[in-house]
Every structure is written in structure tokens, then in C-alpha cells.
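Predicted model only: the values in this text are computed from it and were never measured.
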Amino acid sequence: MSSDLSTNATGRPAGPPEGACADTLLGVADRLMDRCPGHRVEIIGGVIRIAPLPDASHARTLTDLTLACVAAESHGAGSEVLQAIGLWLPTGPEDFAIPDLAVVDADFEDHLVQFNCYAPEAFRLVVEVTYLNFQHDLRDKVTAYAEAGIPVYVIVDREHDRLRVLTDPVAGDYTSHRVHAPGEHVVLPDSIGAEVKLDVSAVLRAGEPKKAT
């Protein structure tokens, strides 16, 4: 599918198409992206949400998870491991999310919808690392990603010191919700297309903010 919005030189949406109402949610989201650099703007359930710039340990966690996926050969001929890629959602006419991390089919670019967001069928896995608005990741995005049929949703729940693996989406919820504590080792479902192994202690330790000395 072709994009309804043009992009600028950085690849981010350049604004609503010519002649479109700039006061649509997508138009407002586009302006917020310009006015709030470093913040993540999403529309879920018809509500615009703005997430602040995360801390360094959030980024460190994503790097470690990316390396784990790459080591399992999730980034190759059949799939790619990408951070902050747009996911078009079926939960509203203008809904989209930007997962922290995703494993997508290699041909995901053939599934462009609009606003630099791609159709859910191209996604094998999405990951969120909680930061400040953790209820958003633990509640609203569970519903949104399940409605989109994302096969595997992993939450690095730094508030509760747990790794959550949600699978088998049905009717706006995941029928399997496994909670893993430090000391456990997890192998993510093979629907990802690779055997991704995670040391829960290591993942959660990477997400701990460094204490000032």
C-alpha cells in the first residue's frame, strides 16, 4: 500500500497530504512531533499520547535485546530487527503506535499504510520497555497490539522487576500472559522465526538506572 503522507529528508512524516485537514489527529500528531523533539507521539484508541525522552538505561535495554535477536539470526534474509518503527493499528481510523523494538518480515516495506507506519501483518514481535507511563504499556498497548494480531508482545516491566511475554492474541487480549522473574531464562515463541533466548536478570539489570556517585 502506498503512503498518504510525504516524508522529509529524515524519513519522518512531513505532514498531512495537500488539501487534507491539518486538524485531523494525524495532523495534530505531526505538529507535536515537530514541537516536541525527542518525544514519542502515538495515537491509540483515538487518543494522542506523548511519551517523554527515555533515560539511558532504557536505551541500554533495547541495545541488549537487539543484540540478543541478532545473535539468534532474527536480523537476516527473512526478517529484520528494528527500533521505533511505526505500526498502524486497527483500533481507530488514525491509530498508530511506535514500539520500542520490533521483529518484522523482511518485506515489511511492501506493507506501508500511511504516516510511515506499516500494517500489523508484517510484525512478528513488538517490545516495550516501561518508562514513567508504564500503565500505558501494561494496559492500553496490550489491547491495541492484541487487536492488531501481533503474535508476541514482550514487556520489560521495570516498575515491577519482571519480564512479561504475551502471546496468542484473541478478541483484544492475549490468552497467554507469562510473567518471568529474575533468575529465569526465557525462550521466546518460535513464531518469531528464530530461537531468541533471554536471561531475565540480565535484561532487567540493563534497565536499572545508574546511581549517581
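Checked against side chain to side chain donor-acceptor pair (under 3.5 Å), Gln135 has no partners two or more places apart in sequence or in another chain. A search for side chain to side chain donor-acceptor pair (under 3.5 Å) contacts involving Glu73 returns nothing, not counting sequence neighbours. For His177, there are no ring pair (Phe, Tyr, Trp, His ring centres under 6.0 Å) partners two or more places apart in sequence or in a different chain. Partners of Arg162 by salt bridge (Lys or Arg N to Asp or Glu O under 4.0 Å), not counting sequence neighbours: none found. Residues that satisfy the side-chain contact (heavy atoms from CB on, under 4.5 Å) test with Ala71, not counting sequence neighbours, are absent from this structure. Not counting sequence neighbours, Asp95 has no partner by the salt bridge (Lys or Arg N to Asp or Glu O under 4.0 Å) test. Every residue two or more places apart in sequence or in another chain was checked for a salt bridge (Lys or Arg N to Asp or Glu O under 4.0 Å) with Glu208, and none qualifies. The side-chain contact (heavy atoms from CB on, under 4.5 Å) check on Ala144 picks up Ile44, Leu89, Thr91, with sequence neighbours excluded.
Using a cut-off of 4.0 Å between Lys/Arg side-chain N and Asp/Glu carboxylate O, Lys197 and Glu195 are scored as salt-bridged.
Although no hydrogens or angles enter the test, the distance criterion places no donor-acceptor pair under 3.5 Å between the side chain of Glu42 and the main chain of Phe96. Panel note: side chain Asp105, backbone Asp107; no donor-acceptor pair is recorded below 3.5 Å. Listed for the Gln83 side chain is no donor-acceptor partner under 3.5 Å among the backbone atoms of Asp100. Listed for the Ser74 side chain is no donor-acceptor partner under 3.5 Å among the backbone atoms of Val70. Judged purely by atom type and a 3.5 angstrom limit, Asp199 uses its side chain to pair as donor or acceptor with the backbone of Ala202.
Residues in residues 178-205 take part in no ring pair (Phe, Tyr, Trp, His ring centres under 6.0 Å) pair, two or more places apart or across chains. Residue pairs meeting the salt bridge (charged side-chain N to carboxylate O under 4.0 Å, His left out) criterion with at least one member in residues 52-68, sequence neighbours excluded, are Asp55-Arg158. Applying the ring pair (Phe, Tyr, Trp, His ring centres under 6.0 Å) rule to pairs touching residues 54-92 yields nothing, sequence neighbours excluded. Identified under the ring pair (Phe, Tyr, Trp, His ring centres under 6.0 Å) test for residues 119-149, with sequence neighbours left out: Phe134-His160, Tyr145-Tyr153.
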